[in-house]
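One structure below.
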Amino acid sequence: MPGPPLYIPAAFGPELAAHPDKTNGFMLRGIHRASSNWIGRAVMGVVLGLIAISFGIWGIGDIFRGFGASTVAKVGGTEIRVENFRQLYQDRLQQLGRQFNRPILPDQARALGLDRQFLGEVISETALDERARAMRLNLSDAEIAREITESPSFKGITGQFDRGRFEGTLRSMGYTEARFLAEQRRLTLRQQLIGTIGGDAPVPKTALDAFNRFQNEERAIEYIPLGPAQTGEIADPAPEALAKYYEERKVVFRAPDYRKITFVTLTPDNLASGIEVTDDDLKKAYTARLARYETPERRHLQQIVFPNMDEAKAGAEKLAKGTTFVALAAERGLKDTDIDLGTVAKSAVVDRDVAEAAFALKDGEVSAPIEGRFGIAIVKVDGVEAGKTRPFDEVSADLKRDLQTERARNEVTNVQEKIEDERLGGATLSDAARKFKLNPRTVEAVDRTGKDAQGNPVADLPQNVDALNAAFGAEIRGENEPLRVPNNGGYVWFDVEAITPGRDRTLDEVKDQVLARWREDETATRLKTKATELLAKVKAGSTLEAAATADNLRLETRWGIKRTGQTPGVSATAVTEIFKTAQGEAGSVEGSTPTERMVFRVTEIKVPPLDSEAADAKRIDDALKSRIGEDLLAQYLARLQSDVGVSINASALSQVSGGGTPQN
């Protein structure tokens, strides 16, 4: 069974933490990614939700309980040093800044409580480490190696562990393999410790029944639909009445602020098609990237690991005398799955010595005992898949596009700088753009929501940047910095050419809109009155059918209405009201629009029995187990922090977050 995905702690920096899955989660979200059940979700949701509670338990005063000003917090016997926490905190803010495409200033971070939130996460992790040490929990090197090799984070295009990718990631961050393994060991111990808390907590039958009733209860109704046809003819209001209606709601018809804006967009796509790539360039790139087009030789390997060389030599002798590899494994209590490494490339074998020996063998051969990193190993080759290389002609078209895009990405910054130089020299944004074969686009009038003066959406506004918000905060012909498109996607310039301030429109300008709005309100009022009359008849003893017949109205029925999902002819608001109404009782509710209404009576309530083997019941059970597990974990973390003892140096925390200096 494959192990959980590899979690890279935030201590390894935002690039390393984000690299495998392109996310920007917080530290304990790593446990979420590393878990295949509810544990990760619990850590992600509960720990963050408990930050305020935890600080309430710990106390926030400027306290120094056995540690100095260089310590931001003490958890049991572990001190969280200011310099370490500052680096982690800054890395986190930079991560979030990249995620939102704008820097997060210290004041903003403090206002959002990010400093306390992140410290709470670090404290929770440290408390788990303290408990693991106290319980003398540990893991073997072999288990840690298995997790790394099975992690999707470090698998190459072949789907196998890619040592080059693993080492390159660590090297780029300046970490040794030993240090990474130590961090991974701590994480896995946290996972195991947390897994014992909620485990497979049973869900009470009462809770299952209640959840089942809420989710699967079905109701049937009979109802009278009411709409504009039931209001009769509505004459236009007197001019004085319409004017009074308009004055009372003038703000609804107010014209918003409009901007006349010129946009210029610079993206790699703008430049790529015009970048020349010669055949010589392609051939050089093909040679340089040959590994990309190569499928390496792969071998199906079996491996038995021995605790010492004497046992390994004894095993080798048995194999030499005719004992099969599988039989030798069985003698040692190993199953086929325990010895099967799969069909792998050389780079996917985590132990280099084993890899060298295994790929020096012929198909069917067995190695001599190998002194590997995780024990003495004997390896057998049980099949060889030859490597192959895609020819140049097959990949040249894709390679050309790749080269054009890569060069265009590099060229984007050059063009951006040249445009800025032109603007500094006095050129308008439009003139500067045309000089570099970019097409400026002027939008004559657009409001904050992206609509034109007629209320229609403006097409083809710049994507992936909040250009409108920036433009509405700018002045006419102001010096505006270009907006950077995320992921090196280019730049967007904007120039505000004119501002049309918002104003109250006159009644003559919006008379048709005002009259339409008045009719909607009048229709809604009449429908509500009609519904009240029908309800009064029902409450006086009439059936809903008789009330409908008396007024020549249509009576309809609907079955299978549930709290979730959609029922034709029944709005979400109506569903809520129907489930508030007892069986046999009647009610009235607005429909999908104010000009629709229904008068209904609940005719049946049906709760399907809970079949514990049904897929729906299992989903309910899983959801409730998750909630229970989260509650148990929340209580455990709070008690754990209380047991190990947590002290916080609020002054040092303020120093790190930019709110002050430490006290001596």
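Atom set for the values below is all heavy atoms of this structure, side chains included, hydrogens, waters and symmetry mates excluded.
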Separation between [atom1] of [X] and [atom2] of [Y], rounded to the nearest 0.5 Å:
{"X": "Asp393", "Y": "Arg390", "atom1": "CG", "atom2": "CZ", "answer": "12.0 Å"}
{"X": "Arg407", "Y": "Asp402", "atom1": "CZ", "atom2": "CG", "answer": "11.5 Å"}
{"X": "Asp129", "Y": "Leu193", "atom1": "CG", "atom2": "CG", "answer": "9.5 Å"}
{"X": "Leu137", "Y": "Gln192", "atom1": "CG", "atom2": "CD", "answer": "7.5 Å"}
{"X": "Leu139", "Y": "Leu189", "atom1": "CG", "atom2": "CG", "answer": "4.5 Å"}
{"X": "Arg165", "Y": "Leu170", "atom1": "CZ", "atom2": "CG", "answer": "12.5 Å"}

Is a donor on one side and an acceptor on the other found under 3.5 Å between the side chain of [X] and the backbone of [Y]?
{"X": "Glu130", "Y": "Gly77", "answer": "yes"}
{"X": "Asp162", "Y": "Phe154", "answer": "no"}
{"X": "Ser151", "Y": "Ser153", "answer": "yes"}
{"X": "Asn212", "Y": "Pro608", "answer": "yes"}
{"X": "Gln404", "Y": "Ile275", "answer": "yes"}
{"X": "Thr188", "Y": "Gln184", "answer": "yes"}
{"X": "Asp340", "Y": "Thr337", "answer": "no"}
{"X": "Arg299", "Y": "Ala358", "answer": "yes"}
{"X": "Thr149", "Y": "Ala145", "answer": "yes"}

Using a cut-off of 6.0 Å, state whether more than 12 heavy atoms not belonging to [X] lie near its atom [atom1].
{"X": "Arg639", "atom1": "CZ", "value": "no"}
{"X": "Arg86", "atom1": "CZ", "value": "yes"}
{"X": "Lys313", "atom1": "NZ", "value": "no"}
{"X": "Glu371", "atom1": "CD", "value": "no"}
{"X": "Glu83", "atom1": "CD", "value": "yes"}

With a 4.5 Å cut-off on side-chain heavy atoms, are [Y] and [X] touching?
{"X": "Thr126", "Y": "Ile80", "answer": "yes"}
{"X": "Pro307", "Y": "Ile376", "answer": "no"}
{"X": "Leu637", "Y": "Leu128", "answer": "yes"}
{"X": "Val75", "Y": "Val644", "answer": "yes"}
{"X": "Asp115", "Y": "Leu119", "answer": "no"}
{"X": "Gln303", "Y": "Val354", "answer": "yes"}
{"X": "Lys380", "Y": "Leu301", "answer": "no"}
{"X": "Leu96", "Y": "Leu114", "answer": "yes"}

Determine whether the side chains of [X] and [Y] contain a donor N or O and an acceptor N or O closer than 3.5 Å.
{"X": "Ser396", "Y": "Arg401", "value": "no"}
{"X": "Gln87", "Y": "Asp91", "value": "yes"}
{"X": "Thr564", "Y": "Gln215", "value": "no"}
{"X": "Asp281", "Y": "Thr278", "value": "yes"}
{"X": "Thr343", "Y": "Glu385", "value": "no"}

Presence of salt bridge, [Y] and [X], under 4.0 angstrom:
{"X": "Asp280", "Y": "Lys284", "answer": "yes"}
{"X": "Asp631", "Y": "Arg627", "answer": "no"}
{"X": "Arg190", "Y": "Glu125", "answer": "yes"}
{"X": "Glu406", "Y": "Arg289", "answer": "yes"}
{"X": "Glu143", "Y": "Arg185", "answer": "no"}
{"X": "Asp279", "Y": "Lys283", "answer": "no"}
{"X": "Arg116", "Y": "Glu121", "answer": "no"}
{"X": "Lys321", "Y": "Glu317", "answer": "no"}
{"X": "Lys562", "Y": "Glu217", "answer": "no"}

- Task: Could you check Lys346 against Glu356 for salt bridge (charged side-chain N to carboxylate O under 4.0 Å, His left out), going step by step and ending with a plain yes or no?
- Result: CA-CA 8 Å; Lys346 186 176 181 179; Glu356 291 294 337; 3.1 Å; yes
- Once the angle between the rings of Phe85 and Phe118 is folded into 0 to 90°, is it parallel (under 30°), tilted (30 to 60°) or perpendicular (over 60°)? parallel
- Query: Is the Phe392 to Tyr293 ring centre distance short of 6.0 Å?
  - Reply: no
- Hey, mind stepping through Asp621 and Lys625 against salt bridge (charged side-chain N to carboxylate O under 4.0 Å, His left out) and telling me if it holds? CA-CA 6 Å; Asp621 188 66; Lys625 279 182 180 177; 3.2 Å; yes
Shortest non-hydrogen contact from [X] toward [Y]:
{"X": "Thr71", "Y": "Ala652", "value": "O-CB, 3.8 Å"}
{"X": "Arg409", "Y": "Pro268", "value": "CG-CG, 3.8 Å"}
{"X": "Val646", "Y": "Gln641", "value": "CG2-O, 3.5 Å"}
{"X": "Thr389", "Y": "Tyr286", "value": "CG2-OH, 3.7 Å"}
{"X": "Val277", "Y": "Leu403", "value": "CG1-CD1, 3.7 Å"}
{"X": "Phe359", "Y": "Ala345", "value": "CZ-C, 3.6 Å"}

- Would you check, one step at a time, whether the test side chain to side chain contact (heavy atoms under 4.5 Å, CB included) holds for Val344 with Phe161? CA-CA 8 Å; Val344 297; Phe161 174 76; over 6 Å; no
- Starting from the C-alpha separation in whole Å, work towards a yes-or-no answer on salt bridge (charged side-chain N to carboxylate O under 4.0 Å, His left out) for Arg186 and Glu183. CA-CA 5 Å; Arg186 281 194 289 271; Glu183 292 287 345; 2.4 Å; yes
- Yes or no on side chain to side chain donor-acceptor pair (under 3.5 Å) for Arg352 and Ser347, after CA distance, side-chain angles and deciding distance? CA-CA 8 Å; Arg352 288 182 173 177; Ser347 62; over 6 Å; no
- Message: Working note: Glu177 + Arg163, criterion salt bridge (charged side-chain N to carboxylate O under 4.0 Å, His left out); need CA distance, chi angles, decisive distance, verdict.
- Response: CA-CA 11 Å; Glu177 185 173 318; Arg163 169 167 282 280; 3.5 Å; yes
